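By convention in this document, chain letters (A, B, ...) are assigned in the order of the sequence lines, proteins followed by strands, and residues within each chain are numbered from 1. Quick caveat: nothing in here was measured; it's all calculated off a predicted structure.
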Protein chains: 2
Amino acid sequence: MPAELRPSQALRLWHDVTFDLVRSDQPDLSSRQQAVLLTVYLEPPPHTVRGLARKLNVTKPAITRALDTMGRLGLLTRRRDEADRRNVMVQRTLEGALAVERLGDTIVARHRKLPL
Amino acid sequence: MPAELRPSQALRLWHDVTFDLVRSDQPDLSSRQQAVLLTVYLEPPPHTVRGLARKLNVTKPAITRALDTMGRLGLLTRRRDEADRRNVMVQRTLEGALAVERLGDTIVARHRKLPL
DNA sequence: AGGGATCGTTTCGGAGCCGAATTGTTAGGC
DNA sequence: GCCTAACAATTCGGCTCCGAAACGATCCCT
């Protein structure tokens, strides 16, 4: 567990990172899309539409749309589950991994610059 | 400056907090709206539409709309600058301060629970 | 007083996202 | 073989947001 973080520092961190995300010209994702993307890249597979919808407490079409959008952006892919062809597996992509990695670096950098 | 934060921890933190924001039933703000809200509450006043637009690298109408939406939610208010009536000052509200405070608490709580 | 610059807001057409309901496909029990 | 259940995708009408452009109000300078 990292050292203590004060609320004012936490807010400053959130502000700075959000700020970087907004200012960057890469297409900005909604909170839901961010949550989906990070879940796929941080939690162990497999990830299905149903599972993501239940976990995030949103409807299935919302997940389908988020996957459409982020698929168009190349951040992840879909693949049918051959074992049970009703299921769709959400898979990672190289480009998505890079984007997530960039986000991690941004957070670390902003965290490092936090004032005492 | 807080202790070092590893990229994997940073991403986990971002995921967890975003997750909480998405799951909570309070209306979710876009990244831009979050950036505006946090700027107003963290940076010293005064805050004008023009200034926020320039700082966030977005157009003025985008700021106007963000203020409309968040004003409707009670998160902040507008007031004309009496010294120069062309300007609009963006002001904090009690409700907005509470929302920001809650966000800070969420981040701190999620940060505290990060695995080594 | 007049003219130009600087505000914030509004309008416009277009694009994205929302939940509810429906559809098509597949799996599994009888 | 059928019927139901489960899954993802699609459709639908409605809402929000987008940037570019136009607009009205205000200030400042001469």
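A salt bridge links D16(B) with R12(B): at least one charged nitrogen is closer than 4.0 Å to a carboxylate oxygen.
Of the listed residues (R85(B), R80(B), R86(B)), just one forms a salt bridge (Lys or Arg N to Asp or Glu O under 4.0 Å) with E82(B), and that residue is R85(B).
On the nucleic acid side, DNA chain D has its first and last nucleotide under 4.0 Å of a heavy atom of chain B at dC17(D) to dC27(D), going 5' to 3'.
Among residues two or more places apart in sequence or in another chain, the side-chain hydrogen bond (donor to acceptor under 3.5 Å, both in side chains) test is passed with T77(B) by none. Taking the salt bridge (Lys or Arg N to Asp or Glu O under 4.0 Å) definition, one finds that D81(B) meets it with nothing, sequence neighbours left out. Residues meeting the salt bridge (Lys or Arg N to Asp or Glu O under 4.0 Å) test with D105(B), sequence neighbours left out: none.
Scanning residues 65-74 of chain B for heavy-atom distances under 4.0 Å to DNA chain D yields R65(B), T69(B).
You'll find the side chain of T39(B) reaches within 4.5 Å of the side chain of H15(A), heavy atoms only. At least one side-chain heavy atom of T93(B) sits under 4.5 Å from a side-chain heavy atom of Y41(B).
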I'd like a table of atom pairs between the protein and nucleotides 3-8 of chain C - only N or O on both sides, under 3.5 Å - with the distance next to each one.
from, atom 1, to, atom 2, distance (Å)
dT6(C), O2, R86(B), NH1, 3.3
dC7(C), OP2, R50(B), NE, 3.2
dC7(C), O3', N87(B), OD1, 3.4
dG8(C), OP1, V49(B), N, 3.1
dG8(C), OP1, R50(B), N, 3.4
dG8(C), OP2, R50(B), N, 2.8
dG8(C), N7, K60(B), NZ, 2.9

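Going from atom CG of D28(B) over to atom P of dC17(C) covers 13 Å, rounded to whole Å.
S8(B) and R6(B) are linked by a side-chain donor-acceptor pair at a separation below 3.5 angstrom, with hydrogens and angles left out of the test.
Contact annotation for E82(A): no contact, since no heavy-atom pair falls under 4.0 Å across all strands.
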